[in-house]
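Step one of this worksheet: look at the structure below.
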Amino acid sequence: MRSWLLVLVMGCAQEKASPCEEGTARDANDVCMPVAGEEHADPGPESSETGAPADSGEPPDSGEPAVHEPVTTPLRAPRLLRRISLDLRGVLPSVEELDAVEADPDALDGIVDAYLEDPLLEGRLMAILGETWHTQVDAFLLEYLEYPVLRMDPSNEFPFERSAGDEPLRLMAHIGARDLPWTDILTADYTMANEVTAAIWPIDRDADAEGWGVARYTDGRPAAGVLATNGLWLRYYSAGTNRNRGRAAAISRLLVCEDFLTRPVSFSDFPSLADADATDRAIKEDPYCMGCHSAIDPIAATLFGFWAKDIHNGAETGWYHLEREPLGEEVLEVDAHWFGTPVSGLAELGQQISWDPRFRSCAAETMARGLWRREIELQDFASVLALRMEFEAGELRLRPLIRAVLNTEEYRAGALSDAATAADVDREVVARPLMPDQLHTALESLTGFSWWHEGFDQMANDTYGYRIMAGGVNGYHVTQPQMEPSVTHALVVQRLAEAAADTVVAHDLIGEAEEPRLLDGVNLEDRPEDARFDAALESLHWALLARRATDEDLEALKDLWTAVEELSDPATAWTAVLSALLRDPEFVSY
Amino acid sequence: MTINRRELLAATGALGGLGLLGIRPGFAGPVAPGARKFLFIYCFGGADQTTVYVPTMDYSSIPDEPGASQANAGDLIYVDHEARPAVRNFLETYGDQTAFLHGLEVRSISHERCQQLVLTGSADGDTDDWPTLLAGHAGVDVPLPALVHSGPAFSSRYSDAVIRLGETGQLSTLIDGTALTENSVLPVQLQPDAVSRLVDAHVGRRAEELVAGGGGVRRYSTAYLSALERLDSLKELSGEVDLSLEAALELPDQVQPILDCLELGLARTGMIEFKGVNQEGFDTHSANDRQSGHFNRLFSDLQLVVDDIAGRPGTGGGSLLDELCIVVFSEMGRHPLLNSEMGKDHWTFTSAMLIGSGVAGGRAYGGYGENFDGAPIVPATGEVHDSGIKMLANHLGATLLAMGDVDPGEYLPDIEPITALLSDDA
């Protein structure tokens, strides 16, 4: 509900926006103000000496800027770098990077720039967007059994589910990570495909390509970016009398943050049941119903190329139906438009959305939500507005927006300040749990352990895996990540840590790998009283927690090692120490 | 002197009265205050209430289902059909302990939004649902307060009380370690138990240090410490109760781990999703006659489940059914008229069924108006009357909270429980 109000307010604010005159630019209050150094005879009707809008109704102040008391204190540079690395790449920063920012916090910016160009950014963008787009579900109305090329091998179940659900996310992540204009997500004439989707859908893809890559549908569907992906419409299916209205509502929620489904619906004053045409008339005549349908139905009218006669059929749902495009306006008895602006087809719909000011606000809000790890509230209005302006200044590319979010107080919060109120305590997130995808990628990169079972990524599904048990989102019943560690989160972390520790000890110490992953400079003969032992613990502590170990930290770890070694052997002792570090609150939170 | 919930709530106006009085009501009957348990069975997709719960023979504008007739089990009126013998069998057995609650309004027509509304009464993201609220008041001696096999679960304040079993028994495999030894492509050697305990102790001490030390990680560490402590309890219980599950089981088998935990007093609430024949769900926008098969399967399974519950000992001396309330609900209802595809579309009014402990059974509460909207209900009598209130999901929630000795006013101010639905010995 709050999000709807926020975007409504911001959208209304945007509807009044007009270009600033030469030599002026919009300030944080969205007022055209002279740019420093520019001389103007007329600074504009909305300006005043104080910089506030002339008709703001606010009393003139003393000229002193209002003092903003932060309600949080920022993380120190190494922990901040750790947070940024996990958010942008899903892996920990290197020890060298931690050393660099410890020595010079200003080095952070350069490292962040590198992270924004890291290929790993794409995977993290998918995870962040997935929490809102909800396409990474464990079951669609169709199963892999529907497709002859997949049905004979049960190991195709998860690849099908995840490939279909990942398609729209991967397209958006591809555009965002490559610093292309974000509007391309609505106008691109290509999609992203892998071997699975190329095998079941009409997609032209390089036959020699491996994994995901740019591809194009061959069924004549319009260039509408994510709106033209099968994966999106498999998730947001529509059948019968719904007539694509559910899809229209999804478009509105996802792209302009206008969630029609938060509006209460009541049939209490519905016309008589004896009136067979009552429903159809009410949609067009009853103000209560028209509040939503006057906007939703015209959007839905553009989506009939994706109208399937049988929503359980692979061909019906996989191919675009050009011949059905005109059905929309006929069946719904409306002219297609986007909130009052006429459109003729899906491609134009995408264009209109990309020009809608709310699209930019929504992009800012989505990234803020994903990186602040909390819902956006009305009091965030100014912050989100500032982010939108950064997004626009960056020519609607995602990297400047992400960079702007990373620079906010909300993102960098490490603790609550004395100025924090009870409401701030409830709202601000100063420590957030690692999400299932981050647990997967971080531990895999550190130790080499990756949890797969019968073709299922165990941290990315709930059929056999532990995604929602570890606090993740499943897109249907669980649509928000869990921000407090639960019992099952703690248990999943325990088992992951155990497995990761066992894997890396086997590789680094027992196997005496030439290139150790974590346990460098130490072997199974070293003991707590040895200098190499201490050095290894310090190095581990720094690498995993981004905090220099105190004497107490080291003593506790050595005590653990010794106690376990007395029970078993040095290798088991090292797995114990490693798993303890990987279960440490400062590891599993960031 | 003992007073029952209904009398106390009526006396205090049920508007935070319990909290204002600062007392917990004493109750006659087998269930100690706060001891009542709840099993929630969620019928996914929007169950058609006219299939069983609401006879429509008196509605001239609603065509009757061919072959359907109005029947009664005592004063409980329902729709009977030869294609649904399980309904009749169940109600003839347990009808006196069963109540229908009619005309509940869930103000949306989106499945996901309705799931949240029917379970929390709110569209806000950070709320606890009824099972979680009840579980949150379970007390420290209940280690697994809210068990979720499947279906939605909304938690915020009491998120540490919610424990997902996993639909294929994932929790069990995590506890016993087979999640790694059998369900991992990469080989993993588990830590011996003695080593595991040492690591657990170390991690717990670290969490305690961070809680004591303040700083940014304090709140997280506090929640983490609580989770670790509950995890310890969970591990200790793994020998007492079998939490394992296999895929592709039916409801009577799927619910066993939850019933075991409820019986042993290890849990207070359980949630399980029911999708009917072939796991199709109740969302019949076409071929609405499929509802018949789903309901017959539901009541057939319910017979087995309730028989099972009735045969288990309760912690208060009687049977588990004496202290367990079963809530069967759906996120929305269905339009009373068929659409052009012989299906039925979403309807914001629905019915729920409550069975067992705390339920004044053998009748229906509330009703539907001439346009099949929810009729106003008088909470104290359960009768339809113009002076009554329009019932929302909040009213179901308030009723359940009252039944569970949780002050409804603390979470749902100004919402009256349907006190008529509370049994005399509730």
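Reminder, nothing fancy here: chain letters follow the sequence lines and each chain counts from 1.
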Which atoms of V564(A) approach chain B - backbone, side chain, both or neither, heavy atom under 4.5 Å: both

Winner by heavy-atom pair count (cut-off under 4.5 Å) against chain A, out of D160(B), L186(B), I109(B): L186(B)

Max heavy-atom pair count under 4.5 Å with chain A, selected residue of V217(B), N339(B), L190(B): L190(B)

S155(B) and D128(B): side chain donor to acceptor below 3.5 Å: no

Chain A contact via S108(B) - which portion, at a heavy-atom distance below 4.5 Å: both

Residue part contacting chain B, namely of N474(A), when any heavy atom lies under 4.5 Å: neither

Charged tip of R432(A) within 45° of Y590(A) ring normal and under 6.0 Å: yes

Proximity breakdown for A239(A) and chain B, heavy-atom pairs closer than 4.5 Å: neither

Heavy-atom pairs under 4.5 Å with chain B, option from S589(A), A415(A), A556(A), S568(A) with the top count: S589(A)

Any W451(A) side-chain heavy atom under 4.5 Å of L496(A) side chain: yes

Residue among T503(A), I468(A), T479(A) with most heavy-atom pairs under 4.5 Å to chain B: I468(A)

Closest-packed option against chain B by number of heavy-atom pairs under 4.5 Å, given A431(A), P585(A), S450(A), A413(A): P585(A)

Top contributor to chain A interface from L180(B), D373(B), V148(B) [non-hydrogen pairs under 4.5 Å]: L180(B)

Under 4.5 Å from a heavy atom of chain A, the part of L144(B) involved: neither

R467(A) and D462(A) ion-paired at < 4.0 Å: yes

Part of L557(A) within contact of chain B (heavy atom distance under 4.5 Å): both

E375(A)/R369(A) ion pair, N-O < 4.0 Å: yes

Under 4.5 Å from any heavy atom of chain B - which part of F456(A): neither

Top contributor to chain B contacts, counting heavy-atom pairs under 4.5 Å, from A500(A), A499(A), S486(A), A563(A): A499(A)

Heavy-atom side-chain contact between T488(A) and Y466(A) under 4.5 Å: no

Polar side chain donor-acceptor pair, D259(A) to T262(A), under 3.5 angstrom: no

Charged N-O contact under 4.0 Å between E586(A) and R547(A): yes

Side chain to side chain donor-acceptor pair (under 3.5 Å) between R243(A) and S238(A), worked out: CA-CA 6 Å; R243(A) 296 174 185 161; S238(A) 180; over 6 Å; no

Between A179(B), S110(B), A207(B), G177(B), the one whose heavy-atom pairs under 4.5 Å with chain A are most numerous: A179(B)

S226(B), part contacting chain A, at a heavy-atom distance under 4.5 Å: neither

Part of E273(B) within contact of chain A (heavy atom distance under 4.5 Å): side chain

salt_bridge(R374(A), E428(A)) N-O dist < 4.0 Å: yes

SB check R206(B) E209(B) (cutoff 4.0 Å): yes

Engaged part of Q189(B) at the chain A interface, taking heavy atoms whose separation is under 4.5 Å: both

Parallel, tilted or perpendicular, as decided by the 30° and 60° cut-offs, for the rings of H285(B) and H346(B): tilted

Proximal component of T72(A), with respect to chain B [non-hydrogen, under 4.5 Å]: neither

Note: E484(A)-R219(B) ion pair, threshold 4.0 Å (strictly below): yes

Contact class of E552(A) relative to chain B, heavy atoms under 4.5 angstrom: neither

Part of D502(A) within contact of chain B (heavy atom distance under 4.5 Å): side chain

Short N-O contact, R157(B) and D126(B), less than 4.0 angstrom: no

Contact class of L261(A) relative to chain B, heavy atoms under 4.5 angstrom: both

Contact class of L491(A) relative to chain B, heavy atoms under 4.5 angstrom: both

Closest-packed option against chain B by number of heavy-atom pairs under 4.5 Å, given V265(A), N242(A), D559(A), L416(A): V265(A)

Between E341(B), Q191(B), E112(B), R164(B), the one whose heavy-atom pairs under 4.5 Å with chain A are most numerous: Q191(B)

Y464(A) versus chain B, the contacting section by heavy-atom distance below 4.5 Å: both

Heavy-atom contact with chain A under 4.5 Å, split by part of L198(B): both

Contacting moiety of T173(B), where chain A heavy atoms sit under 4.5 Å: side chain

Side-chain donor/acceptor of R218(B) to backbone N/O of V211(B), under 3.5 Å: yes

Residue part contacting chain A, namely of N183(B), when any heavy atom lies under 4.5 Å: both

CD on Q494(A) to CG on D200(B), rounded to 0.5 Å: 5.5 Å

Ring pair (Phe, Tyr, Trp, His ring centres under 6.0 Å) assessment of Y59(B) paired with F372(B): CA-CA 9 Å; Y59(B) 286 84; F372(B) 215 68; 5.6 Å; yes

Closest approach of A123(B) to L117(B) (non-hydrogen atoms, all atoms of both residues): N-CD2, 3.9 Å

Q115(B) side chain to Y476(A) side chain, donor-acceptor N/O pair below 3.5 angstrom: no

Top of Q480(A), R583(A), E454(A) for chain B proximity - count of heavy-atom pairs under 4.5 angstrom: R583(A)

Top contributor to chain A interface from I175(B), L228(B), V162(B), L234(B) [non-hydrogen pairs under 4.5 Å]: I175(B)

Heavy-atom proximity to chain A below 4.5 Å, by part of Y158(B): neither

Contact class of V588(A) relative to chain B, heavy atoms under 4.5 angstrom: both

